[in-house]
Amino acid sequence: MPKLRTVAVVAGAALLARRAMRRRIQASPLWPMPALEEPVSGRPRSRSLRLLVTSREEVAEGVVRLRLEGRELPGWEPGAHLDLVLPSGLVRQYSLCGDPEDTSSYTVATRLVPDGRGGSREVHEQVREGMELEVRGPRNRFPLVRAESYVFVAGGIGITPVLPMLRALPDDVEWRLVYCGRGRASMPFVEDVEKLGRDRVTVVEGLPDLDALLAGVPEGAAVYCCGPEGLMAAVQERFPSVHLERFTPRASGGDAFEVELRRSGRTLTVTADSTVLAAVRAELPDTLYSCEQGFCGTCQQRVLEGEVDHRDELLTDAERGDSMLICVSRARGERLVLDM
Ligand code: FES
């Protein structure tokens with residue numbers, strides 16, 4: 001009996017905390033909440049913490065959820081992500097999918113991509129309970145904006161930033177979710193989202209018929225999408241102002257150009273489907289890099305000549321004046337000269 005009472009008290013407290021957060025979100029004149037403050041120049045750009053992995057659990061086929069514990073952790077809002085520094089030094093971003101009210105732990109989930117760039121494989125194969133991991137952030141570039149209603153489209157692991165958003169939305173706000181995946185067994189948190197409102201959630205196993213599923217989206221609705229690139233492109237085609245969360249680099253795409261490495265005396269061609277980093281590493285294999293997504297800053301290089309198409313979200317305007325992140329950014333013209 002006392003145990004039951006404890007469970008009820010804890011559940012009640014969690015409910016009250018969620019309601020309090022909803023009220024704050026609703027009442028805030030600043031909604032969406034501002035991103036957490038970050039230094040404008042110099043590193044580290046965001047706080048770095050060492051947290052203990054206290055739980056590692058398979059929550060769907062090929063998906064593990066990690067709970068990382070610490071004390072008085074920086075707060076976050078739904079949509080935020082964390083940079084995880086993996087044991088090898090690779091840095092990867094994962095959406096926070098736990099409770100923003102919990103200041104003693106962060107929760108993230110990651111899907112194994114066997115032929116990916118190595119980050120998810122490392123999480124699945126090497127990260128264990130009891131390990132310490134360095135994290136940076138949280139940062140939010142996918143905030144919940146104020147809207148009359150909401151439509152969410154999530155594909156597979158793309159449900160992770162959406163889940164805290166659904167939990168945070170005030171009860172009287174209209175929303176619906178289209179959640180797509182190969183099959184329920186591989187779709188994380190499918191039961192959690194259904195519990196939030198079965199009549200509002202459509203689970204699609206296999207290819208979604210977006211025209212049918214997204215018919216009748218009301219005027220003024222905010223549309224959010226996170227998932228595979230193909231799904232996001234298809235939703236964006238139908239809703240150009242969709243809010244997207246993307247964790248894969250968009251470094252390639254554009255015209256080919258030349259890069260002169262002045263100190264090395266070499267000139268390289270960066271093709272439309274490649275990156276400056278890949279071209280440079282083919283000549284200088286020891287060139288440092290980590291995230292390959294324009295957020296860690298490891299690959300920053302000084303630009304001596306040429307105009308840069310900056311595609312990162314890290315450098316300040318002052319830094320962009322004479323440097324670039326070569327993993328994602330490209331030339332605006334036909335040629336760049338780097339101090340390498
Ligand atoms: Fe991380 Fe380029 S490797 S910003």
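We count ligands from 1, going down the list as the structure has it; atoms in each ligand are counted the same way. Note that this is a predicted model, so its numbers are computed, not measured.
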Just by distance, with hydrogens left out, do Thr54 and Glu69 show a side-chain donor and acceptor under 3.5 Å apart?
-> yes

Among all protein non-hydrogen atoms, which one is nearest to atom 4 (S) of ligand 1, and what is the separation to 0.1 Å?
-> Gly297 N, 3.3 Å

Do Glu258 and Thr269 have a side chain donor and acceptor closer than 3.5 Å?
-> no

With heavy atoms and a 4.0 Å threshold, my read on which part of Glu292 contacts ligand 1 is backbone

Would you say Asp209 has more than 12 foreign heavy atoms packed within less than 6.0 Å of its CG?
-> yes

More than 12 heavy atoms from other groups under 6.0 Å of CD on Glu174 = no

At atom 2 (Fe) of ligand 1, what's the angle from Cys299 SG to Cys327 SG, rounded to 10 degrees?
-> 100°

If we number the atoms of ligand 1 from 1 as shown, the ones under 4.0 Å from a heavy atom of Gly294 are 4 (S)

